[in-house]
Each structure stands twice: as C-alpha cells, then as structure tokens.
Asks: 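One structure follows; several queries about it will come next.
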Amino acid sequence: MTTNPILDATGVAKSYGAVAALRNASLSVLPGEVHALMGANGAGKSTLVKILTGAIRADKGDIRIRGQARDVRSPADARRAGLVPVYQEPSLIPDLDIVSNLRLTGTPLEPFRAWVRELGVPDLDVNDMARDVPLAILRVLDLARALAVEPDVILLDEMTAALPANLAERVIDVVRQQSKSGRSVIFISHRFIEISAMCDRATVLRDGETVGVVDIVPGIEEKIVELMLGARVEKTYTKSGGASAAGTVEATHPRLSVRNLRVGTKLQDVSFDLRDSEVAGVVALEGQGQDELFGALSGAIRPSGGTIEVDGKAVQFSHPTDAIDLGIAYVPGDRTEVLLMQQSVRENIALPFSARLRNWGPINMGRERTTVARAIERLQIDTRAQREVQRLSGGNQQKVTIARWIAADARTILCFDPTRGIDVRTKQEIYRLLRELAAQGKSVLYYTSELEEVQRVCDRAIVIFGGRVVDVLPTDIADEAALTRASYGLPRHAQEDIGILAGASNTPAGAR
Amino acid sequence: AGKTYTIGVSNTVQGNGWREEMICAIKAQALASGEVAKLNIAHRNTDAAGQLEDLRNLISAKVDAIVVNPADPAGIKAALAEATKAGIVVVAVDQAVTEPSAYIISNNQEKYAYLGAKWLFQQMGGKGGVVYMRGAAGASADSDRDKGFKEALKEFPDVKVVHEVFTGWQQDQAKQQILDFIATGTPFNGIWTSGIDNVIVDALTESQTALVPIVGADNAGFVGQLNKVEGLKGAAVTNPGSIGGAGVTLALQILDGKKPAQQTVLVEPSLWQNVTDAGKAQLKSAADPSLSPEWPVSISIPNWTTYTKDQIVACKGPGE
Amino acid sequence: MSDQPLVPLVVLLILLVVVLQILRPGIVNERWIANTVKFAIPLAMLAGCQTMTMLTGGIDLSVGTVATMAAFIMATQATHFDPTIAILIAMMPALLIGLANGIGVGVFRVHPLIMTLGTSLIGIGCLQVYQRTVIATGTKVPDFLAWLGTGLSYGIPNALLLFIPVAAAIIFTLRRTGFGRLLYAVGDNEKATRLSGVVYWQVIVALYVISSLLAGIMGLLYVGLIKAPSLSLVEPLVLPSVAAAVIGGTSIFGGRGGYTGTIIGALILTVLTTLLSVLQMPEGARRILFGAIVLLVTAAYLRITEDR
Amino acid sequence: MIRFVRKNGWVTGLFVLLALLFVITKIIQPGYGAGDFGSLVRAVLPFAFAVAAQTIVVIAGGIDLSVASMMALTSVTAAYMMNGASEEFALLVVPMVLLMGAGLGALNGILIVVTRVPDIVVTLSMLFVLQGAALLVLDSPGGAAAEWLKELIVGTIQIPGIPDAINAWLPKGLLLLLVCLGIVWIPLRRSWLGLSIYAIGSSPLAAFRSGVPVARTKTIAYAFSGLFGAMGGLTLTMSTGIGAPIPGPYLLASVAAVVLGGVVLGGGRGGLVGPIVAVFVLRLVRTDLTLLAIDPNVTAIVEGTIMVVVVMLGAYLAMRGRTS
Ligand SMILES: Nc1ncnc2c1ncn2[C@@H]1O[C@H](COP(=O)(O)OP(=O)(O)OP(=O)(O)O)[C@@H](O)[C@H]1O
Ligand SMILES: Nc1ncnc2c1ncn2[C@@H]1O[C@H](COP(=O)(O)OP(=O)(O)OP(=O)(O)O)[C@@H](O)[C@H]1O
Ligand SMILES: [Mg+2]
Ligand SMILES: [Mg+2]
C-alpha cells in the first residue's frame with residue numbers, strides 16, 4: 001500500500017509512578033482501515049487510546065496526524081483533529097438527558113438518531129437522563145455520538161465487551177460500513193471472532209510495547225496470541241464431563257430452585273433449578289430480564305412474584321446479605337458497581353469478611369493476607385498497581401470482583417458476564433476456575449454475552465426471551481447458531497440464518 | 001391598669017450569659033409590672049439585616065412596644081422608623097440607635113472601658129505593659145469600648161499595650177491566647193478584659209504566673225474570684241444585663257403617657273474593686289455563687305426594675 | 001491508609017514552630033508546648049469525629065452542639081449529683097443525637113450535612129430551654145475533670161491520659177478492625193458494600209453514635225480545660241475540626257484518610273492560632289494570614305504526597 | 001404537563017408548602033397583608049442571593065463556604081465607598097462591587113483548580129481571608145448607602161393599568177430579586193456554559209472527555225457565585241444602610257436552602273427555583289414563629305425539625321418512588 005497513514009504514533013511512553021503503562025508503543029493506521037489493537041489485560045491499550053485522544057498526556061512519543069506532528073492536548077482538541085474515541089467507560093454525563101449530552105459535544109441530533117436506530121436501538125427517548133439508561137445502551141449511544149460527527153478516525157475501546165450478541169453484531173456491521181466509506185477505525189477487543197470478522201490489520205501490544213503488526217488473514221489468531229502473551233497458549237475445551245459426571249450422586253434438593261419468578265414487567269415467569277456441581281449458562285439478548293433475574297437471586301432487588309428455594313427451603317431475600325448468608329454471591333457485569341476504587345486489592349477482596357456485624361471486630365491480618373494472596377494467585381491478578389484498584393487495568397479489575405468470592409468461599413456464584421473485557425489467557429483461566437469450582441461441588445449461574453462460552457464452560461444453557469425461559473439446551477447442541485436462534489425466541493428446529501455471528505461459527509476463521 | 005400591652009423584643013445574640021440575663025430581666029419586669037399581657041420575643045443569632053426582619057415581623061404582629069438590643073446603631077434605622085410610624089413605642093436598650101424617634105436606655109460602653117482602664121493604669125503605678133483583651137472584631141460595642149480604653153491610655157503616657165488581641169468574647173479563645181502570651185515571657189503589669197475575665201484569672205493561677213491587676217465585668221464568676229482568689233487585685237465594672245428590664249419599664253411609662261424628659265437615658269457603670277474596704281464590701285454583697293458564672297451579678301437597677309431575684313432567676317414572663 | 005505519608009505534615013508543623021520561634025524568640029519552651037498540646041487535644045478529638053464520618057463521605061456538624069451540651073449539662077448537674085452520675089446524664093443527649101443522626105443518614109438517606117445541622121439546631125434549642133431551668137443552680141466543674149483538662153504531671157499534660165487511649169483506639173479501629181474497613185468501603189462505593197453483604201444503616205448508625213459519644217467526651221474534657229461552661233462553648237471549634245481533618249489528608253468525599261494525619265492537622269491549626277495571636281497586626285490581617293496559611297499548608301501537602 | 005410535574009415534583013411540592021404557609025399565616029394573623037409581604041421579600045433578599053451563590057457552585061460539584069464572608073466584604077466595601085459620596089457616585093460603586101465579587105469568586109475557582117485542594121478547604125480558607133479583608137475595610141459597622149439604592153427595595157412597583165390591590169402585592173424587592181437572578185440565570189441555563197456547569201458537577205471525567213474545559217468552567221461557576229454573593233452584599237447595604245464586617249448567618253442557611261430546594265450536594269442536579277422557594281419557606285416559617293410569639297428557644301428546635309423532617313420526607317418519597 002502506498003497511501004500515507006492518517007494516524008501515526010511512535011515511541012509512546014507513559015508511567016504512573018513505578019508502573020509503566022506504556023514503554024514504547026507505536027501504531028500506524030491507514031485511511032479506510034479497520035485496525036485492531038490487541039494485547040492482554042494491562043498491556044496498555046486503553047492508555048494508548050487515551051493518549052491519542054488527549055485524555056492523558058504522554059511522557060514521551062511522537063504523534064502525527066495526516067503526516068503532521070500534532071500535540072493533542074484534550075479530547076476537544078482530538079475531536080477538532082478528526083479523532084473521536086469511545087472509551088472503555090461510558091462518557092455520557094449521568095445527570096444530563098441525552099439531548100443535552102449531544103449539545104455538550106456539539107453533536108447533531110438527527111444523524112445521531114439515525115445511527116442509534118442503525119445500531120439496533122429503535123425506541124430511544126432522547127429526553128431520558130443518561131443515568132437511567134442501561135450500560136449496554138449507553139455504550140451504543142456513545143458510539144452513535146461518535147459516528148454522528150463523521151470523524152476521520154474513530155477509536156473503539158472494548159466497544160462490544162458489554163454488548164449482547166445482537167447489538168455487537170450491529171456494531172460490527174456499522175464498523176464495516178465506516179471503513180467502506182473511507183474512514184478509519186481503531187478497534188480494541190478481546191474477541192477474535194470480531195477481529196477476524198472485520199479487521200484489516202492488528203497491532204499487538206505486550207507490556208506497553210508494540211510487539212508486532214500483522215495482517216488479519218485466516219489462521220492468524222495463533223500468531224497474535226503468541227505475540228500478545230509471548231508464549232503459546234493452547235486453547236481447549238475446558239469442560240470435562242460436567243454435571244453429568246459429578247451429578248450422578250443426585251442431591252435430594254437442588255441447590256437453588258426458582259419457580260415462576262417475576263420482577264416488575266421485565267421478568268415474567270422464570271423457573272429452573274441450579275444443582276450443586278454444575279455451571280448453568282444463561283443466554284439472552286439485551287434487556288430480556290436477565291439483570292432482574294440475577295438481581296432477584298442475589299437479594300439486590302425484590303421479586304414481585306414466584307418463589308426461590310435454597311437447598312429445599314423457601315427464602316425471601318430483603319438484602320444481599322441474606323443471600324450471602326446462604327452462600328450465594330453475585331458478581332455483576334459492571335465492575336464499578338462492586339469495586340472500592342480507592343482501596344487496595346487486598347481490601348477489595350477481603351470486603352465480605354467484615355460485612356457482618358459479628359465480624360466488625362479486630363481483623364486477623366495474617367489469615368487475611370494468606371486468603372487474599374491465594375485468591376490473587378488463583379486469578380493471576382496483575383497487582384503492580386495494587387494500592388488502588390482504580391489504577392488496575394480494566395481486565396484486572398474484573399478479576400478482583402471474582403477473586404472476592406473465591407476468597408470468601410461462596411457456595412454459589414452468580415456470574416454476570418464475567419469475561420467481559422478479559423484477555424484470552426485469563427478467559428481460559430476463568431473457565432478452568434469455574435469448572436474447578438463445579439468439581440468441588442459448588443454451583444455457578446453464568447450469564448454470558450459471548451455465546452461460544454456456553455460450550456466451553458456450561459453444563460446446559462437456559463435461554464431467556466421476553467422475560468420467560470424459552471428453552472433449555474444441553475451443551476452438545478448449544479452451539480452459537482442454536483443459541484442465537486433460541487435467544488430470538490425461535491423454536492429449536494427453525495433454520496434461518498441470524499446475522500453474521502451466527503454464521504461465523506460455521507466459517508473456518510472462527511477462533512477454535 | 002390591667003394586663004393590656006403586648007411587648008415585642010428583638011435580640012441578636014443567643015447563648016451568651018449577659019444576653020440571656022437581659023432576656024430574663026425583660027420577662028421578669030414584664031411580669032412584675034402587671035401591665036403586660038404578652039411578650040413576643042425574637043431572640044437568635046443574626047445580623048442587622050436579620051434584626052430588620054424580626055422587627056418587621058413584630059410590626060406585623062401588631063405589638064404595642066418594642067424593646068430592642070440593636071445589632072448595630074444605624075443598621076436598623078429603617079425598621080425602627082416604620083415601627084414608630086405604625087404607632088409602636090420603640091425602646092433601644094444596651095446600645096444607642098440613630099433613629100431619632102426611638103427612646104434609648106443604654107449602658108455607657110465608652111465609660112465602661114474608660115473607668116476600668118483608668119483604675120487599672122493607676123494600680124500599675126502609671127507605667128508598665130498592659131494586655132488588652134478585646135471583644136469581637138467588628139462589633140460596635142467593641143469599638144465603643146476601644147474608644148474609652150484609648151482615652152484612658154492617653155492619660156497615662158507611660159503605659160504601653162504589650163499585647164492586643166480579640167477574644168471574640170469566647171472563653172476558650174481568651175484562655176489559649178493568654179496562655180500563649182504568658183509563654184512568650186514578655187513582662188506585663190496588668191490585664192484589661194472586655195468581660196471575658198474568669199478564664200484569665202484561671203489561666204494565671206494554673207500556669208503559676210504572678211497575678212497582676214485584672215479588670216473585668218461584674219460576671220458572677222469573676223466577682224467570686226475577686227472575693228476569694230488569694231493575692232488577686234482586680235476590679236469589676238458593672239454592665240448590667242438587667243438593662244432589659246429597665247427598657248420594659250421605660251416602654252410601659254411611655255405607653256402610659258409618661259414620656260421621659262429626654263430620648264436617651266444612660267445607665268452609668270460603677271466600679272467595684274477589691275483593694276479598698278468599700279469596694280470589698282460592694283463585692284461581698286454583690287457576689288452570688290448560685291448564678292451561672294457568665295451572668296452579671298447586678299441583676300437589678302434601682303428605680304428601673306421592680307422584680308425580685310427569684311423572679312429574674314425563674315426567667316418567666318407573663319402567661320408562662 | 002496505613003501508608004498515609006505523614007512526614008511532610010510533620011515537616012510543615014515543625015516549619016510553623018520554627019517560624020514562631022523566629023518571630024517570638026523564646027516562646028517555644030516546655031510550658032508553651034504543654035499549652036499547645038492541651039489545646040490541640042480537644043480539637044483533635046473533635047476532628048476525630050470528622051475523620052471517621054468523612055471517611056464514609058459524611059460530615060458531623062452536630063459535634064459542637066453535642067460537646068457543648070455534655071459540658072453544660074454535666075456542669076449544672078454536678079452541683080447536686082455525684083460527678084459520675086452527672087457525666088452519665090450529660091452523655092444521654094450525645095447518645096440520642098448520635099442515634100438520630102445515624103437513623104436520618106443511614107435509614108432515611110438524608111444528606112449528613114443537613115441531618116447533623118438539623119439535629120445541631122434542635123440540640124441547641126433544647127439546651128437553651130434546659131438552661132432556663134438551671135439558672136439558679138450555678139455550675140461546678142468536678143475536680144478530676146479540671147485536673148485532666150488543665151493539670152500537668154512532670155510537665156506533661158494530664159489530658160494525654162485520656163487522649164492517648166482514645167487516639168490509639170481510633171487508629172486501631174480504622175486500620176485493623178472490620179468496622180474500620182467498612183467505613184472506608186462505604187465511603188468509597190456504597191453499592192459495592194451492599195452487594196458484599198454490608199448493611200449500610202448498621203454501619204452508619206454505629207458510626208454516628210460513636211462520633212457523638214466521642215464529641216460528648218471531648219465536651220467533658222474541654223469544660224475541664226476552660227472551666228467556664230457556656231451555651232456556645234465548643235461551637236467555635238466545629239469549622240476548625242473539619243479543617244484539621246482535611247489538612248491531615250482525609251478526603252471529604254470519603255474512602256481516603258486516617259486519624260494520625262488528623263492529629264497533626266490539629267496541632268498545625270493550634271500552632272497557627274498561637275502564631276497569629278502573638279503577632280501584632282490588625283485583626284483583619286491576622287485572619288487573612290490564617291486563611292492563606294491553611295490553604296498553603298493543604299496545597300503543599302497535596303503536592304508533596306501526590307508525586308509519590 | 002404530568003411529565004413536567006413529575007420531573008419538577010420537588011419544586012412543585014415546595015410551592016404547595018409555601019402556599020400552605022401563606023394560608024397558615026393568614027389564619028394566625030388575619031391582618032397579614034401586602035405590606036407584610038413586602039417585609040417578607042426584603043427579609044428574603046440577602047438569603048436568596050446567598051442561596052443563588054451557593055446553588056451554582058453546588059451544581060458545579062463544589063461548595064462555597066465563603067458566601068457569607070463574601071457578602072460581608074462586598075457590603076462593607078460598598079458602604080465604605082458610598083460614605084459621604086454623592087448619589088451619582090453610587091452608580092459607579094454598584095458595578096465595581098459586583099465586579100469585585102465576580103473577581104473574588106473567580107479567585108476561589110482559580111485556587112481550587114490550580115492547587116487541586118478540595119473546594120471545601122479552599123473556600124474555608126477564603127472565608128477567613130475575606131472576613132479579614134472586610135475588617136480591614138471597616139473595623140466596625142459603618143459607612144452609608146445612597147438613597148436611591150435604599151429606595152430600590154422600598155415600596156411597590158406601580159404598573160399602570162393594574163388595580164392598586166394587585167400592585168400592592170408587587171414589592172420592588174421582588175422585582176429586583178427576579179431581575180437580578182433572571183438576568184444571569186436564564187441565559188446561563190440555556191447556554192452551553194450552563195450545560196458544562198451541570199456536566200462538571202455530574203461527572204468531571206466524563207465532562208472532560210466530552211470536551212468541556214473543566215478548569216475554566218469551574219472558575220466561571222465560582223465567578224458567578226461571587227457575583228451573586230456581591231448582589232447579596234449589596235442588598236445588605238441597601239436594607240441596613242451600612243456595612244457590617246462580621247458575616248451574618250448566611251452560610252449554613254444557604255446550604256440548608258440549597259438542599260431543601262432539591263439541589264443535590266455533590267453536583268449535577270437541581271435548579272435555582274427550588275432553593276429560592278425554599279428560602280421563602282424558611283423566612284415565612286420564621287415570621288409565623290414570631291407572630292405566634294413562640295418561646296424563642298423553641299424556635300431553634302422548630303427550625304431544625306422542619307429542616308430534618310422535610311428532607312427526610314423527600315428522601316422517603318424518593319425511596320418509595322424508586323421501588324414502586
Ligand atoms: N491511573 C493509573 N495509575 C497507575 N497505573 C495505571 C493507571 N492507569 C493505568 N495504569 C496501569 O497501566 C497498565 C495499562 O493499563 P491499560 O488500562 O492501558 O490496560 P489495557 O490494555 O486497556 O487492559 P484491559 O484489557 O484490561 O482493559 C496497567 O498495568 C494499569 O494498572
Ligand atoms: N479476616 C479474614 N481473613 C481471611 N479470610 C477470612 C477472614 N474472614 C473470613 N475469611 C474466610 O472467608 C470465608 C467465609 O467467611 P465467613 O465470614 O463466612 O466465616 P465465619 O464463619 O464468619 O468466620 P469467622 O467468624 O471466624 O470470621 C472462610 O473461608 C474464611 O476462612
Ligand atoms: Mg483497557
Ligand atoms: Mg479489558
């Protein structure tokens with residue numbers, strides 16, 4: 001290719017005290033290209049995006065836009081230069097309605113509306129406060145806001161991580177269109193399937209350094225993983241036997257038994273059992289009641305009808321502490337809901353130990369240290385910046401939310417999309433961890449927006465649509481195509497193709 | 001005369017012994033007079049603008065007379081004029097006001113400071129260093145007293161102010177300030193206080209500093225100390241809080257058609273010293289250990305108040 | 001929290017003392033140090049209330065009223081009751097106001113600033129009404145409180161006998177107990193603590209009761225030091241107590257800080273007060289200087305600790 | 001309409017409360033009339049401006065502990081300058097004092113932005129600094145005010161064509177208040193700057209990432225606060241005819257009214273109407289307490305209780321609203 005890069009960064013470095021977030025990163029993006037930025041959790045991807053868009057200042061480095069050296073001082077400055085980011089965290093002002101948010105950034109309303117519809121959210125009320133909008137929709141709005149100003153380069157930091165499959169698919173469509181109309185996209189994701197579906201090239205970061213730039217061709221995944229991790233990681237099905245093996249000794253009661261559960265209008269009628277030693281998957285499109293289900297089971301919200309039984313006894317949770325007392329822990333998808341950002345990793349993990357009144361007294365520091373260290377070890381948390389959790393990379397923060405309940409030895413874990421934004425190796429570790437927990441007799445309810453995970457970790461998949469359980473699929477038939485169909489509420493044997501992700505599982509380019 | 005009048009009261013400092021006594025004197029006198037059916041008291045911490053509000057509320061409440069301790073002599077002029085226009089008798093107590101239609105019965109603050117300071121400088125033998133512990137910066141009573149103090153100071157050219165500080169009329173501040181000053185080791189021969197006096201005596205005795213002559217007000221605590229503390233030479237200058245009661249009497253006289261000859265009546269302070277026998281006797285008879293140490297012991301003013309000690313201490317107005 | 005950098009704060013404190021010594025040679029002597037400690041202790045105790053409440057993102061503006069009530073009620077009750085009984089009676093309002101604050105903030109979710117301001121107004125009103133009933137009883141400060149407040153043993157203030165255990169207890173609570181952890185946690189992310197099984201109102205009610213009781217104890221010590229109970233005894237220390245906690249590095253937004261810093265913050269403010277009262281200058285200039293130095297100290301501290 | 005009421009439920013509730021209080025007042029004192037309403041308005045003035053000053057910085061995510069000192073300083077400065085000066089000179093004094101307020105407010109903001117010390121500490125320091133400055137200008141209450149300035153809040157507006165009975169209920173002070181607040185607030189609220197102020201209060205990080213110049217916006221918010229503070233200081237001088245260097249009880253009152261008015265401490269939410277209505281409510285309660293001749297010591301209890309109960313009620317209703 002002879003075209004000049006529209007964006008060219010070389011030798012970028014940034015340190016936070018002793019932590020070097022970036023050492024020597026470079027990135028070169030051509031016009032009209034979809035360029036993947038890849039790397040393990042904490043490799044420095046988000047930091048690079050923030051530097052390119054003026055959200056933070058680099059210590060060193062040379063950034064050229066359209067061949068001209070340019071010092072991007074603020075996001076507003078970047079915007080003027082034609083660079084518009086969608087950061088890993090939502091950037092809408094929570095207390096302003098959406099119209100005002102648009103006015104604030106000088107975004108024209110009509111194109112924005114068009115993009116929102118295009119991205120698969122037909123019924124948006126622009127007079128809603130941003131704080132009342134669910135996370136996944138917020139991400140979409142953030143993207144639509146960026147698209148509406150028609151930037152030359154759009155930077156998407158884990159745009160799809162919090163999105164359910166249907167929305168993620170629309171994003172990918174839209175990104176493709178962008179590149180067709182000559183705009184460049186920098187795309188950060190840990191999902192190879194997305195990368196291979198639309199990216200042209202990828203820059204790989206490792207420990208703050210650019211370690212390679214590759215063209216995306218079928219079969220390149222192994223190479224990227226190697227670059228990312230510096231060593232080969234074999235990817236296998238972690239699942240081994242599962243409930244069918246361990247579950248031969250059926251307990252008299254299921255661990256958790258849900259009957260006709262209703263929450264407001266979102267969750268209509270859900271019944272299922274969760275047994276010891278199993279990982280039950282939950283699959284649903286955005287907003288089908290899964291948030292309410294997990295909220296009700298964890299005691300965070302009160303159901304409006306139906307029953308929940310734990311070990312055969314009917315329970316009513318009025319506070320999460322009631323659920324925790326029965327060994328039921330909840331790991332929400334949005335880590336900002338559960339992390340103490342200014343506290344250390346240790347205090348975050350040890351939080352449940354002090355929760356109850358009887359544990360308010362002196363802490364056994366030695367015991368705590370070992371328990372916490374074991375949990376950190378088990379999840380491989382990068383604790384270089386452990387004094388404050390807010391300084392950890394997004395993925396490592398995610399791990400802390402799980403580590404807490406591993407340390408507290410919860411019997412049942414309700415995991416809501418725990419691999420959101422987690423790199424391949426860690427994902428493998430989490431899959432293995434969950435299987436280990438099941439093997440130890442624990443139970444896990446596992447909502448995931450990445451359908452391929454169902455076959456990797458779950459013993460079966462409970463599919464929810466419109467607030468009802470529409471199907472329960474055994475693992476062997478729960479491939480992505482089947483899950484996608486079921487999650488649109490289609491009967492099991494219908495054979496229409498639903499979108500590219502469903503189709504992707506049939507292509508050899510898949511990441512397996 | 002039957003119980004006919006409603007009297008409004010406006011005061012802008014709350015929680016200070018002197019002002020509390022003033023309010024109790026007003027209540028006691030209203031009760032003792034037998035002419036007051038109801039008191040309507042606005043008593044809170046606020047500024048001149050807040051007092052304007054209170055006064056106007058009293059006007060709305062259609063009281064017959066208002067007894068006011070002004071936050072500032074000039075600042076409440078407008079509301080006082082409105083009150084007079086509405087046919088309400090206005091009596092300012094404690095401090096003067098600039099509104100010509102108002103009657104004033106006031107303690108003479110300039111004289112208060114002059115009297116004490118002059119006595120103190122004489123005790124010091126007309127020379128040496130004096131510690132000048134003022135009231136609250138920016139308060140008009142403080143600047144009036146400052147004038148009196150400076151006047152006395154002019155008469156004694158060899159007396160020097162070695163330390164001047166605002167106590168804010170706060171006991172804790174005053175105590176820390178004097179202790180800090182003692183720690184500097186600067187010699188001093190006398191202390192003039194603007195009524196925050198007993199903590200100063202405490203500070204001197206606690207830190208085992210030689211006692212110097214001290215001037216304070218006739219607060220129960222300080223008067224007690226003047227009688228009891230070994231080796232303490234001092235004088236209490238009267239600044240009766242019972243002036244409030246006198247204000248009620250004046251207001252009732254005017255309502256009954258007995259206007260005084262002048263608009264302004266000044267209550268002159270007197271000085272009780274524990275170095276002369278006469279002074280000692282005055283202090284002995286005035287001392288009242290049962291009173292709160294912040295209360296002035298001069299709980300009545302001859303010819304102006306008619307209540308008994310029990311009545312003022314009970315602090316109950318008509319109808320309570 | 002345990003790695004609160006204290007060194008720069010101590011350096012700032014020493015710097016102030018040196019300036020004082022230069023401006024008033026000879027003032028920094030044993031007696032002055034004892035005085036300074038005596039006056040810093042009550043402030044530090046009150047600032048302890050602010051530190052603990054600020055960690056949860058709150059503030060306790062009722063401490064001045066609570067302490068004043070404890071002092072005044074104790075001094076008036078001590079005239080006819082045994083001091084111990086007088087003290088017990090005097091602590092009742094502290095307990096009640098603490099409970100009210102805790103319930104208001106913890107259960108009804110009223111903003112702490114408003115809740116404590118409101119209870120403080122109510123408390124002051126009640127105290128005024130109470131005062132009416134005890135005008136003729138006089139007041140008495142029990143000897144042992146005066147001894148504790150003003151006395152020195154071997155040149156060391158007796159007040160330390162009370163303060164050292166109190167401070168040790170606060171520091172230990174914040175660093176090494178579950179309750180202390182929860183204060184930081186609640187101030188950092190309340191929702192997170194809820195999902196971890198923490199019952200918010202329990203923490204908050206306990207916190208405000210403790211804060212109030214500490215303020216009550218401070219009031220008793222303070223009346224021992226000043227020996228003149230009045231209806232506004234401790235009120236002037238409320239804003240400085242907030243300032244001491246903030247200078248000491250506790251964040252007003254919660255989740256960050258500690259008590260050791262607060263103690264040094266209280267010492268800094270006390271020395272500063274001395275510095276300004278011995279300097280001969282117009283009162284206006286003194287206040288300007290006071291404000292400027294408080295700002296300077298906080299800014300300098302922030303600068304120094306940020307780069308770490 | 002329903003949407004409007006729901007969105008502005010709190011303010012609507014306050015208006016209802018205020019109306020109720022007027023009815024109660026009329027019952028307590030059947031003679032309560034237009035003149036008394038005029039008194040109420042004059043009592044409201046300094047509080048209203050203090051509250052406006054507080055509101056704008058609270059919305060911007062800060063808090064201003066120096067409002068009362070700012071009012072004292074601007075008030076003494078105005079009184080000092082007008083003392084012995086001609087009536088015309090006051091025409092010069094007013095804009096100068098307003099400018100001074102805005103400048104000192106901006107200084108607050110600049111100090112916060114530059115030192116990165118939390119708002120509460122910077123403004124606490126400024127509380128002392130401004131108080132000190134006020135004492136340097138006048139060491140005791142004094143000074144004077146131009147007659148025309150004092151007249152601005154005395155009497156009623158005579159609008160031709162409207163019956164006197166209605167005119168009597170339109171005190172000049174109310175007009176002054178509405179004009180001064182409206183002139184600043186309405187354009188601000190509609191501008192991009194106004195949005196930015198809400199944005200930095202709601203989430204400084206998101207605001208920065210949305211391209212809002214956070215530091216500049218914060219400084220401007222404080223400058224407006226200073227401007228309102230100076231207006232408050234001027235109303236003090238107007239009503240008392242002097243300047244007093246000791247700050248009045250406006251700090252805590254302003255914070256209380258801000259919260260009562262539905263502005264969230266912490267920033268981003270609320271408006272100016274609520275706090276202003278809250279000020280009227282609080283002043284009218286004080287009037288009623290005086291009219292009822294309630295024991296003055298009990299009034300503190302009553303005021304404290306009202307504050308706590310109203311906010312508790314609001315919090316309770318909000319909780320109910322969320323669960324249903
Ligand atoms: N404010 C900060 N203070 C200290 N360290 C930081 C800060 N921000 C980022 N870091 C560190 O810099 C490194 C890179 O972080 P960054 O967020 O760029 O990672 P990332 O590649 O986006 O990871 P992820 O995939 O998990 O989002 C991490 O080790 C992180 O802990
Ligand atoms: N302070 C602590 N430090 C380390 N691990 C802890 C601590 N507290 C609890 N744990 C661990 O967390 C798990 C569950 O804690 P939980 O609070 O339910 O225990 P518990 O029965 O209350 O124990 P205890 O009463 O001794 O605190 C246990 O595995 C326990 O070992
Ligand atoms: Mg990232
Ligand atoms: Mg990530």
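Worth knowing before you read on, the calculation uses all heavy atoms, side chains too, and leaves out hydrogens, waters and symmetry mates. Naming convention: chains lettered A, B, ... in sequence-line order (proteins, then strands); numbering from 1 in each chain.
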Asks: Could you tell me which non-hydrogen atom of D:L136 sits nearest to which non-hydrogen atom of C:P282, and how far apart they are?
Replies: CD2-CB, 4.0 Å
Asks: Which atom pair, heavy atoms only, marks the closest approach of D:V114 to C:R303?
Replies: O-NH2, 3.3 Å
Asks: Which answer fits C:L117, side chain, backbone, both or neither, if we ask what part of it has an atom under 4.5 Å from a heavy atom of chain D?
Replies: both
Asks: For a quick test of reading the model, state the closest non-hydrogen atom pair linking D:V121 to C:V246 and the distance between them.
Replies: CG2-CG1, 2.7 Å
Asks: Any idea which heavy atoms bring C:G125 and D:A300 closest together, and the distance?
Replies: CA-CB, 3.9 Å
Asks: Please state whether the side chain, the backbone, both or neither of D:L130 comes within less than 4.5 Å of a heavy atom of chain C.
Replies: neither
Asks: I'd like to know which of D:A256, D:A134, D:P245, D:P118 tops the heavy-atom pair count under 4.5 Å against chain C.
Replies: D:A256
Asks: Supply the atom-to-atom distance C:E283 CD to D:Q131 CD, rounded to the nearest 0.5 angstrom.
Replies: 9.0 Å
Asks: With a 4.5 Å limit on heavy-atom distance, are the side chains of C:L239 and D:L127 in contact?
Replies: yes
Asks: Within a strict 4.5 Å, meaning less than it, do heavy atoms of the C:R287 and D:V129 side chains meet?
Replies: no
Asks: Heavy-atom cut-off 4.5 Å, strictly under: side chain, backbone, both or neither for D:L252 against chain C?
Replies: both
Asks: Return the option, out of C:V110, C:L127, C:I293, C:I247, with the maximum number of heavy-atom pairs under 4.5 Å with chain D.
Replies: C:V110
Asks: With only heavy atoms counted, which part of C:R132 is less than 4.5 Å from chain D, the side chain, the backbone, both or neither?
Replies: side chain
Asks: Sort out for me which of C:V129, C:T119, C:L296, C:V242 touches chain D most, counting heavy-atom pairs under 4.5 Å.
Replies: C:V129
Asks: Of all of C:I288, C:L289, C:L121, C:L61, which one pairs up most often with chain D through heavy atoms under 4.5 Å apart?
Replies: C:I288
Asks: Got a second to check how far D:I120's CD1 is from C:F253's CZ, nearest 0.5 Å?
Replies: 8.0 Å
Asks: Which heavy atom in D:L124 sits nearest to a heavy atom in C:A243, and how many Å separate them?
Replies: CD2-CB, 3.5 Å
Asks: Contact part of C:L113 toward chain D, heavy-atom cut-off under 4.5 Å: side chain, backbone, both or neither?
Replies: side chain
Asks: Where on D:D295 is there a heavy atom nearer than 4.5 Å to chain C: the side chain, the backbone, both, or neither?
Replies: side chain
Asks: Counting only heavy atoms not in D:Y80, do more than 12 fall under 6.0 Å of its OH?
Replies: no
Asks: So which part of D:M312 gets closer than 4.5 Å to some heavy atom of chain C, the side chain, the backbone, both or neither?
Replies: both
Asks: Given side chains that start at C-beta, do those of D:T115 and C:L302 come closer than 4.5 Å, heavy atoms only?
Replies: no
Asks: Could you name the residues of residues 258-294 of chain D that have a heavy atom within less than 4.5 Å of a heavy atom in chain C?
Replies: D:V259, D:L265
Asks: Please name the pair of heavy atoms, one in D:M307 and one in C:I114, separated by the smallest distance, quoted to 0.1 Å.
Replies: CE-O, 3.9 Å
